[in-house]
Undergrad: 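One structure follows; several queries about it will come next.
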Amino acid sequence: MSIVNQLQIGVLKSLASLYEQTFSEKDFQINQTKPEFEGDYTVVLFSLVKTLRLSPDAIGNQLGEKLVTDYPEIFTSFNIIKGFLNLTVTDNYWITLLNKNYADSCFGKKALTGKKVMVEYSSPNTNKPLHLGHLRNNFLGWSVAEILKANGQEVIKSCIVNDRGIHICKSMIAWQWYANDATPQSTNTKGDHLVGAYYVKFNDVYKEQVAALMADGKTKEAAEKEAPIMKATQQMLVDWEEGKPEVMELWKTMNSWVYAGFDTTYQKIGSDFDKTYYESNTYLLGKDIVQQGLDKKVFFKKEDGSIWIDLTADGLDEKIVQRKDGTSVYITQDIGLALQKYEQFNIDQSIYVIGNEQNYHMKVLQLICKKLGMPNAENIFHLSYGMVELTSGKMKSREGTVVDADELVDEMIATSQKLTEELGKVKDFTAEELKDLYDIIGLGAMKFYLLRVDPKKTMVFNPEESIDFHGFTGPFVQYTHARIKSILRKELGNGESSNSTNEFKSPLLPLEKAVIIQLEQYPTALEVACEEHNPSVIANYVFNLAKTFNSFYTEHSIGNAETIEKKYLRLQLAAMTANIIKSGMQLMGIRVPERM
RNA sequence: GACUUGGUAGCUCAGCUGGAUAGAGCAUCAGCCUUCUAAGCUGAGGGUCAUUGGUUCGAAUCCAAUCCAGGUCACCA
């Protein structure tokens with residue numbers, strides 16, 4: 001149990017016995033004591049003043065006295081300043097905590113709770129390569145899944161691939177018309193990039209054709225409909241739905257190129273999935289549900305035969321769920337897939353990592369599922385994250401301002417190589433070790449950069465800032481880990497552990513205590529990150545821990561500590577810091593090097 | 001226009017279930033490598049927490065209004 005929890009319980013019990021009244025945790029607040037005051041944790045007394053009709057100082061004195069008397073193993077002294085009760089925790093409490101947990105690589109992680117969750121993320125389109133926005137999605141989804149696992153939940157990572165539809169046909173047509181049978185092999189191009197290039201080509205040609213038709217006096221609408229390349233694309237979509245062999249053949253071939261490209265990228269960035277859904281398999285799902293919905297009168301049919309749901313009573317509008325020609329729309333298959341996920345995996349919660357541009361869509365989806373009486377409709381959770389913008393503004397594929405994922409990854413790794421070579425600290429590494437180190441640092445920097453911001457918020461991607469490896473960055477934290485490991489290697493050799501001892505006579509120094517207090521808060525950080533589905537909590541925590549440790553490190557020597565007891569204490573402190581840094585970084589998909 | 005999210009230092013972000021003098025990083029300036037890795041540490045300057053009003057012992061935090069910015073409001077996905 002955390003020190004704050006213990007303090008909470010202690011205060012509640014003390015209040016009850018002192019004043020014969022029952023209180024709840026909401027009646028007072030517990031904060032960490034500000035550095036300018038003496039003490040470790042502070043109880044804010046103001047809110048008790050009214051109910052107890054006593055001055056803050058009187059309450060503070062009685063409460064402080066009671067706590068120090070009843071919990072001598074936890075609290076050693078107290079002081080009251082302007083209505084704040086500052087409590088000092090005993091050195092023994094901190095030292096015992098350290099002694100018990102310093103070697104535990106699972107510190108803070110929870111036992112299985114039995115809760116089963118699916119996290120759907122990534123969800124690429126097969127007509128273009130991954131970009132910066134996908135990276136935020138991938139890192140976020142992966143990390144949230146790991147954070148849930150660390151909190152005792154069973155997690156299934158899933159991905160839905162948007163591999164069909166008009167946009168896919170666009171790149172297919174453009175390839176057919178202009179590629180001269182170019183393949184990834186023949187052009188030495190990554191498959192997803194090759195296909196993406198023809199998607200761009202489509203748009204260029206389409207724009208030209210529309211302009212030409214408009215020059216001939218057509219209206220914009222007419223020109224957009226009549227552009228030959230668009231007509232061909234629409235025909236191709238019809239052919240695809242009819243399963244025309246040549247079209248299917250081309251579709252399969254081009255998709256296989258894209259998947260090969262995606263696999264390379266996913267492997268590089270460390271994304272993986274337990275279950276992959278393909279829209280080409282799921283797009284017909286939900287049709288029978290539409291029928292059931294009609295029978296239940298959740299849906300209604302318009303004169304033209306299209307099927308709708310009326311959500312005006314819920315403050316939304318009418319939504320179509322099936323076109324008049326009987327084909328399904330986007331949301332129809334989503335309903336079907338939502339149900340299938342529950343049926344296949346018997347999950348308690350279904351998390352969708354999708355951009356906030358789809359807030360409305362997801363709201364509608366959940367509402368429809370509820371109205372259909374689907375089990376667990378309440379437990380559909382949209383983890384809505386903000387867009388990534390550039391310093392110059394929004395990314396727009398049409399204007400070529402999209403930051404390509406592969407290029408960015410390569411650049412980050414190249415930067416880490418350059419910097420590592422300049423510093424020249426690992427000259428004895430083999431070529432293989434070096435390559436691995438560059439990956440660890442480059443990818444670590446990138447993941448940390450994208451995960452350190454609250455996912456809900458729109459964030460700005462600044463290229464220069466992203467390749468800065470100082471300050472609030474992944475490499476800073478990795479570096480702290482590497483330095484600790486270096487000391488542990490030197491002082492303990494291989495595998496040997498520091499002697500455990502409880503016999504500390506000299507008091508904890510402020511910086512020693514500051515580090516241990518931070519270490520103690522890791523489990524709480526994990527809980528908060530889980531509740532909020534927010535990896536930035538971990539990023540901030542781990543950064544602050546590293547910072548605190550670095551201050552301690554510059555001020556006090558571990559190897560040449562004043563006494564042998566101090567040395568062991570500091571070795572434990574360093575070891576636990578390294579363990580937690582490693583654990584926290586792992587939850588963000590970031591590896592930490594032994595040396596750098 | 002309706003709904004929704006945001007506005008904190010020059011820039012990027014924490015803090016938001018109300019609490020002590022609003023914090024980091026970057027950038028700027030001044031220091032620290034004969035002692036465990038300087039991708040580090042110490043210090044300085046830099047704020048009308050968008051604006052106005054309200055709630056109260058106390059507001060960046062809660063409420064209301066206003067201004068500004070993003071997103072959505074498709075028989076696209």
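Here is how names work: the chains are called A, B, and so on, in the same order as the sequence lines, proteins then strands, and each is numbered from 1.
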Undergrad: Fit a plane to each ring of A:Tyr283 and A:Trp240, take the angle between them on a 0 to 90° scale, and name the class: parallel (under 30°), tilted (30 to 60°) or perpendicular (over 60°).
TA: tilted

Undergrad: NE2 of A:His361 versus C1' of B:rA77: gap in Å, rounded?
TA: 9 Å

Undergrad: Within residues 315-334 of chain A, which residues have any heavy atom lying less than 4.0 Å from an atom of RNA chain B?
TA: A:Asp317, A:Ile320, A:Arg323, A:Tyr330

Undergrad: Is A:Phe46 stacked on the base of B:rG19 when the test is centres under 5.5 angstrom and planes under 30 degrees?
TA: yes

Undergrad: Could you state the CD-P distance from A:Glu357 to B:rA74, rounded to the nearest angstrom?
TA: 15 Å

Undergrad: Please state the C1' separation for the pair B:rC49 and B:rU21 - nearest whole angstrom.
TA: 15 Å

Undergrad: Nearest 0.5 Å, what's the NZ-CG distance between A:Lys456 and A:Asn534?
TA: 6.0 Å

Undergrad: Could you tell me whether the phosphate oxygens of B:rC41, OP1 or OP2, come under 4.0 Å of any side-chain nitrogen or oxygen in A:Asn550?
TA: yes

Undergrad: Please give, in whole Å, the distance from B:rC76 C1' to A:Phe202 CZ?
TA: 13 Å

Undergrad: Considering every strand shown, what is the Watson-Crick or G-U wobble mate of B:rC32 when both distances are under 3.5 Å?
TA: B:rG40

Undergrad: Syn or anti for B:rC29, please, going by whether the chi angle lies within 90° of 0.
TA: anti

Undergrad: How would you label the contact of A:Gly471 with the nucleic acid (heavy atoms, under 4.0 Å): base, sugar-phosphate, or nothing?
TA: sugar-phosphate

Undergrad: Provide, to the nearest angstrom, the distance between the CE atom belonging to A:Met362 and the C1' atom belonging to B:rC73.
TA: 17 Å

Undergrad: For A:Asp163, report the nucleic acid contact type (base, sugar-phosphate, nothing); a contact means any heavy atom under 4.0 Å.
TA: nothing

Undergrad: Over all heavy atoms of both residues, which pair between A:Arg136 and A:Asp454 is shortest? Give the atoms and the distance, please.
TA: NH2-O, 3.2 Å

Undergrad: Checking all strands, does A:Phe543 fall into the base, sugar-phosphate, or nothing category for heavy-atom contacts under 4.0 angstrom?
TA: sugar-phosphate

Undergrad: Round to the nearest Å and state the distance from A:Gln32 atom CD to B:rG23 atom P.
TA: 14 Å

Undergrad: Hey, which of these two, A:Ala546 or A:Met596, hits RNA chain B nearer its 5' end, going by closest nucleotide?
TA: A:Met596

Undergrad: Has A:Tyr360 got its ring stacked on the base of B:rC73, with centres under 5.5 Å and planes less than 30° apart?
TA: no

Undergrad: Between B:rC62 and B:rG43, how far apart are the two C1' atoms, rounded to whole Å?
TA: 38 Å

Undergrad: Verify side-chain hydrogen bond (donor to acceptor under 3.5 Å, both in side chains) between A:Thr33 and A:Asp40, making sure each step is shown before the conclusion.
TA: CA-CA 5 Å; A:Thr33 304; A:Asp40 299 324; over 6 Å; no

Undergrad: Which atoms form the tightest heavy-atom contact between A:Ser466 and A:Pro463, and what is the distance?
TA: OG-O, 2.7 Å

Undergrad: Mind checking A:His556 for me? I need base, sugar-phosphate or nothing, with any heavy atom below 4.0 Å counting as a touch.
TA: base

Undergrad: Rounding to the closest angstrom, what is the interatomic distance between B:rC26 and B:rG40 at atom P?
TA: 7 Å

Undergrad: Would the number of heavy atoms belonging to other residues, nucleotides or ligands and lying under 6.0 Å from NZ of A:Lys324 be above 12?
TA: no

Undergrad: Within less than 4.0 Å of OP1 or OP2 of B:rA20, is there a side-chain N or O belonging to A:Lys34?
TA: yes

Undergrad: Please determine, for B:rA2, whether a Watson-Crick or G-U wobble partner exists with both distances under 3.5 Å, and give it or none.
TA: B:rU72

Undergrad: For the residue pair A:Tyr206 and A:Phe202, does the interplanar ring angle fall in the parallel (under 30°), tilted (30 to 60°) or perpendicular (over 60°) class?
TA: parallel

Undergrad: Any chance the rings of A:Trp251 and A:Tyr278 have centres within less than 6.0 Å?
TA: no

Undergrad: Using the P atoms only, state how far B:rC36 lies from B:rA24, rounded to an integer number of Å.
TA: 28 Å

Undergrad: Would you mind reading off the distance between A:Met387 atom CE and B:rG71 atom P, rounded to a whole angstrom?
TA: 9 Å

Undergrad: Is it the case that A:His361 and A:Asp334 place a side-chain donor and acceptor less than 3.5 Å from each other?
TA: yes

Undergrad: How far does the P atom of B:rA14 sit from the matching atom of B:rA50, given to the nearest Å?
TA: 14 Å

Undergrad: Can you tell me whether the side chain of A:Thr42 and the base of B:rA20 have a donor-acceptor pair closer than 3.5 Å?
TA: yes

Undergrad: One character per nucleotide, please: for nucleotides 3-18 of chain B, 5' to 3', B when the base has a protein heavy atom closer than 4.0 Å, S when only the sugar-phosphate does, - otherwise.
TA: ----S----SSS-B-S

Undergrad: Using a cut-off of 4.0 Å on non-hydrogen atoms, how would the nucleic acid contact of A:Glu279 be classed: base, sugar-phosphate, or nothing?
TA: sugar-phosphate

Undergrad: Taking 4.0 Å as the cut-off, does a side-chain nitrogen or oxygen of A:Ser551 come that near to OP1 or OP2 on B:rU42?
TA: yes

Undergrad: Looking at A:Arg452 and A:Glu465, is there a salt bridge between them, counting it only when a charged N and a carboxylate O are closer than 4.0 Å?
TA: yes

Undergrad: Among A:Phe461, A:Phe472, A:Phe469, whose ring-ring contact (aromatic ring centres under 6.0 Å, His included) with A:Tyr449 holds?
TA: A:Phe461

Undergrad: Rounded to whole Å, how long is the line connecting atom CD1 of A:Ile581 with atom C1' of B:rG40?
TA: 13 Å

Undergrad: Starting at the 5' end of RNA chain B and moving along, which residue's nearest nucleotide shows up first, A:Ser306 or A:Leu419?
TA: A:Leu419

Undergrad: Given the structure, check if the side chain of A:Asn125 and the base of B:rC76 hold any donor-acceptor pair shorter than 3.5 Å.
TA: no

Undergrad: Just compare B:rC76, B:rA38, B:rU21 and give me whichever is closest to any side-chain atom of A:Ile166.
TA: B:rC76

Undergrad: When you compare the ring of A:Phe84 with the six-membered ring of B:rG19's base, are the centres less than 5.5 Å apart and the planes under 30° from each other?
TA: no

Undergrad: Counting any heavy atom closer than 4.0 Å, what does A:Thr420 reach on the DNA or RNA strands: base, sugar-phosphate only, or nothing?
TA: base

Undergrad: So, A:Glu491 and A:Arg570, do they make that salt bridge, N to O below 4.0 Å?
TA: no

Undergrad: Between atom CE in A:Met230 and atom C1' in B:rC76, what is the gap in whole Å?
TA: 11 Å

Undergrad: Is a donor from one side chain sitting under 3.5 angstrom from an acceptor on the other, for A:Asp325 and A:Thr327?
TA: yes

Undergrad: Expressed as a whole number of Å, how far does the C1' atom of B:rC67 sit from that of B:rA44?
TA: 36 Å

Undergrad: Which base, if any, makes a Watson-Crick or G-U wobble pair with B:rA22, both distances under 3.5 Å?
TA: none

Undergrad: Taking only the C1' atom of each, what is the distance from B:rU61 to B:rG15 in whole angstrom?
TA: 9 Å

Undergrad: Does B:rU37 have OP1 or OP2 sitting under 4.0 Å from an N or O in the side chain of A:Ser486?
TA: yes

Undergrad: Considering non-hydrogen atoms only, spot the tightest contact between A:Ile581 and A:Leu545 and give its length.
TA: CG1-CD2, 4.1 Å

Undergrad: Any strand counts, and the cut-off is 3.5 Å on both contacts for Watson-Crick or G-U wobble. Which nucleotide pairs with B:rC67?
TA: B:rG7

Undergrad: NA contact type, A:Ala482, heavy-atom cut-off 4.0 Å: base, sugar-phosphate, or nothing?
TA: base

Undergrad: Would you say A:His470 places a side-chain N or O within less than 4.0 Å of OP1 or OP2 belonging to B:rC26?
TA: no

Undergrad: For B:rU66 versus B:rA30, give the span between their C1' atoms, rounded off to a whole number of Å.
TA: 45 Å

